[in-house]
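Worksheet: one structure, shown below.
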There are 2 protein chains.
Amino acid sequence: MPKLGMEPIRKAALVKATIDEIGRAGSLDVTVSQIARRAGMSTALAHHYFGNKEQMFLAAMRHVLSLYGAEVRGALATADGPRARLNAIVRVSFAAGSFRREVVGAWLNFYVLAQTVPEARRLLRVYQRRLRSNLLAELRPMIGARAVPVAEGVGAMIDGVYIREALSDRPPDGVGAARMVIAYLDGQIDHRVLA
Amino acid sequence: MPKLGMEPIRKAALVKATIDEIGRAGSLDVTVSQIARRAGMSTALAHHYFGNKEQMFLAAMRHVLSLYGAEVRGALATADGPRARLNAIVRVSFAAGSFRREVVGAWLNFYVLAQTVPEARRLLRVYQRRLRSNLLAELRPMIGARAVPVAEGVGAMIDGVYIREALSDRPPDGVGAARMVIAYLDGQIDHRVLA
DNA sequence: AAGTTTATTGACTCGTCAATCAACAAAAAC
DNA sequence: GTTTTTGTTGATTGACGAGTCAATAAACTT
């Protein structure tokens with residue numbers, strides 16, 4: 001049976017199975033056995049390719065982040081002008097795909113992981129820095145020095161709105177979520193410094 | 001040795017130990033044995049009083065929420081006027097106590113729990129509704145109908161800023177965090193509806 | 001054809017853990 | 001003073017899980 005060149009295929013299957021299984025369980029409390037079964041192989045093979053469970057989690061996190069990164073690049077490619085590009089960045093964060101059960105599960109659990117696993121924290125930093133620099137590139141021409149705090153604010157608000165929407169009882173409303181962040185942007189861009 | 005009236009004492013000790021242990025582990029992956037040892041009793045006694053581990057987690061969540069609720073009430077008691085009261089609500093969310101390792105751990109893990117455990121989700125709703133109604137009480141006199149979306153925005157932003165600050169590499173900056181949310185409030189309260 | 005690398009798994013080890021139970025002890029109730 | 005209630009734990013059960021290992025087999029190398 002052994003076909004050669006299985007490694008990337010198996011690894012990809014395990015990454016997908018890990019994300020799906022985290023989504024199903026709603027926590028990191030999933031066994032290698034469950035992941036391996038979903039990916040259609042033995043636990044021994046899963047260990048063979050990833051060494052241990054933590055590596056599987058980290059690979060899953062990398063994958064979620066890279067999907068998000070690709071979506072952002074795609075959205076930016078078709079947006080013209082600073083304001084349109086800002087809106088595009090915001091909207092991507094609340095695209096339907098971001099609210100799939102397994103993606104939500106992954107994000108929430110990555111926050112938990114980031115408390116204690118250095119590599120998870122590093123990956124979270126990558127996400128935050130990338131978002132920040134994307135926002136700054138558009139904000140600086142618009143509002144100069146105030147771009148920095150506003151970019152931080154937008155980043156925080158995206159996370160906060162995302163969590164609320166993801167844990168809401170109703171089906172997530174991506175459009176409403178984006179509108180809320182954009183209202184923040186309006187308020188800040190249009191802002192006169194108060195006495 | 002059996003002293004009477006131990007139940008509330010033991011339960012309180014277990015709740016505290018549960019929160020501390022979640023903070024130490026950074027996850028819900030803590031054993032009843034660890035909790036019981038920290039609380040100075042046997043695992044059998046912990047089970048005797050709480051039945052199972054999930055009940056311990058939920059009791060811990062209730063406790064964290066009730067502490068937060070008490071802080072909000074305290075802050076509101078000494079604030080005068082809508083704007084001062086809004087600021088007080090925001091500041092309380094970023095008080096030093098909220099950034100203690102074990103409190104952060106509790107919050108992040110409660111989000112995770114809320115995905116799958118109905119009672120955890122219910123408790124999260126209690127927190128959100130209470131915050132929302134506190135905000136609305138002050139915002140309505142100030143901005144009328146726009147109070148609702150602004151209150152939602154403030155709630156989301158508090159959560160988002162909190163998570164960023166809690167997972168930051170530097171020691172948490174509660175004052176800066178509050179400033180960021182207050183800037184959002186300024187932008188919204190001061191807002192003229194745009195064309 | 002012999003040796004090496006890659007793919008694959010069943011079986012196993014060693015550990016852990018939630019929950020239960022039987023038993024003991026002290027106070028309260030009767 | 002005996003029964004009931006409350007507090008308490010050591011020991012045990014029954015289950016599961018991460019990671020290892022030896023063994024098998026196909027493909028590639030020389």
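Since this is a predicted model, take the numbers as computed values, not measurements. In the text below, chain A, chain B and the rest are named by the order of the sequence lines, each starting its count at 1.
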Nearest-Å distance for atom pair [atom1]/[atom2], residues [X] and [N]:
X: A:Glu7; N: D:dA27; atom1: CD; atom2: C1'; value: 16 Å
X: B:Ile35; N: C:dT16; atom1: CD1; atom2: P; value: 17 Å
X: B:Phe50; N: D:dT8; atom1: CZ; atom2: P; value: 14 Å
X: A:Leu45; N: D:dA25; atom1: CG; atom2: C1'; value: 14 Å
X: B:Asp29; N: D:dG17; atom1: CG; atom2: P; value: 13 Å
X: A:Arg37; N: C:dT9; atom1: CZ; atom2: P; value: 14 Å
X: A:Leu4; N: D:dA25; atom1: CG; atom2: P; value: 17 Å

Quiz item: Looking only at side chains, do B:Asp159 and B:Tyr127 share a donor and an acceptor under 3.5 Å apart?
Solution: yes

Practice problem: Verify the contact: side-chain N or O of B:Arg10 to OP1 or OP2 of D:dT6, cut-off strictly under 4.0 Å; return yes or no. | Solution: no

Exercise. Compare side-chain N and O positions of A:Tyr49 against OP1 and OP2 of C:dT8 and report whether any pair is under 4.0 Å apart.
Key: yes

Find every protein N or O atom lying less than 3.5 Å from an N or O atom of nucleotides 18-20 of chain C, and list the pairs.
from, atom 1, to, atom 2, distance (Å)
C:dA18, OP1, B:Lys53, NZ, 2.7
C:dA18, OP2, B:Val32, N, 3.0
C:dA19, OP2, B:His47, NE2, 3.1
C:dA19, OP2, B:Lys53, N, 3.2

Quiz item: What residues form a side-chain contact (heavy atoms from CB on, under 4.5 Å) with B:Asp29, not counting sequence neighbours?
Solution: B:Ser27

Quiz prompt | Plane angle bin for A:Tyr162 and A:Trp107 - parallel if under 30°, tilted between 30 and 60°, otherwise perpendicular | solution = perpendicular

Exercise. Report the C-alpha separation of A:Asp173 and A:Val175 in whole Å, then their side-chain angles, then the decisive distance to 0.1 Å, and conclude whether the side-chain contact (heavy atoms from CB on, under 4.5 Å) test is met.
Key: CA-CA 6 Å; A:Asp173 171 12; A:Val175 175; 3.8 Å; yes

Quiz item: Can you give the dot-bracket line for DNA chain C, where a pair is Watson-Crick or G-U wobble with both atom distances under 3.5 Å, crossing pairs use [ ], and | marks a partner on another strand?
Solution: ||||||||||||||||||||||||||||||

